[in-house]
Amino acid sequence: MNVRELYAIICERRDHPLPDSYTAKLLAQGEDEILKKIGEEAVEVILAGKAQGDQRLIEEIADLTYHTLVLLASRGLTPEQIADELEKRHRKPRG
Ligand SMILES: N=c1c2ncn([C@@H]3O[C@H](COP(=O)(O)OP(=O)(O)OP(=O)(O)O)[C@@H](O)[C@H]3O)c2ncn1[C@@H]1O[C@H](COP(=O)(O)O)[C@@H](O)[C@H]1O
């Protein structure tokens, strides 16, 4: 699944919550809880990067990516805005 597809599902859970959805629950808990999860997942990426294998690192980066998309959805921001920012940086003249 790509980032755009996952983001669309997350927005669907935000706008039409399902009772058994982790995403809907996390969004309902609010931004502080989402930020807390991002902090935890970021630490797990560091630990995996230092001491664990590639598969573990992939899993932890997937967790961090997912929670970052939840934060964007919670704030009404989109992955396209991040892509635009990266594009702007790429096009900025470097000296
Ligand atoms: N990609 C993900 C995804 N990645 C990680 N997680 C959840 O993020 C949590 C990770 O937190 P932890 O590692 O701390 O595990 P935990 O102890 O269970 O978490 P907490 O209960 O402490 O918050 C786990 O519960 C994972 O299931 C995800 N939950 C959902 N998705 C996708 O989101 C979409 C919507 O799914 P629902 O949330 O089921 O609606 C689907 O495409 C899912 O595949």
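If you read the sequence from its start, that first residue is 1, and numbering goes on from there. Ligands are counted one by one from 1 in listed order, and the atoms in each one are counted from 1 as well.
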Using atom types as modelled and distance alone, determine if a side-chain donor or acceptor of [X] lies under 3.5 Å from a backbone N or O of [Y].
| X | Y | result |
| --- | --- | --- |
| S74 | V70 | no |
| H90 | L86 | no |
| R13 | S21 | no |

Show me the donor-acceptor pairs within less than 3.5 Å that the side chains of residues 30-38 make with the rest of the protein, sequence neighbours left out.
| residue | atom | partner | partner atom | Å |
| --- | --- | --- | --- | --- |
| E31 | OE2 | R75 | NH1 | 2.9 |
| K37 | NZ | E40 | OE1 | 3.2 |

Can you name the residues that come within less than 4.0 Å of ligand 1, going by heavy atoms only?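 Contacting ligand 1 under 4.0 Å are L6, I9, R13, S21, Y22, T23, K37, E41, D63, Y66, H67.
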Within-4.5 Å side-chain heavy-atom neighbours: N2 and L6: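 Side chain of N2 against side chain of L6, heavy atoms only: no contact under 4.5 Å found.
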Taking the side chain as every heavy atom from C-beta outward, state whether R89 and E85 have any atom pair closer than 4.5 Å.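 Side-chain contact under 4.5 Å: yes.
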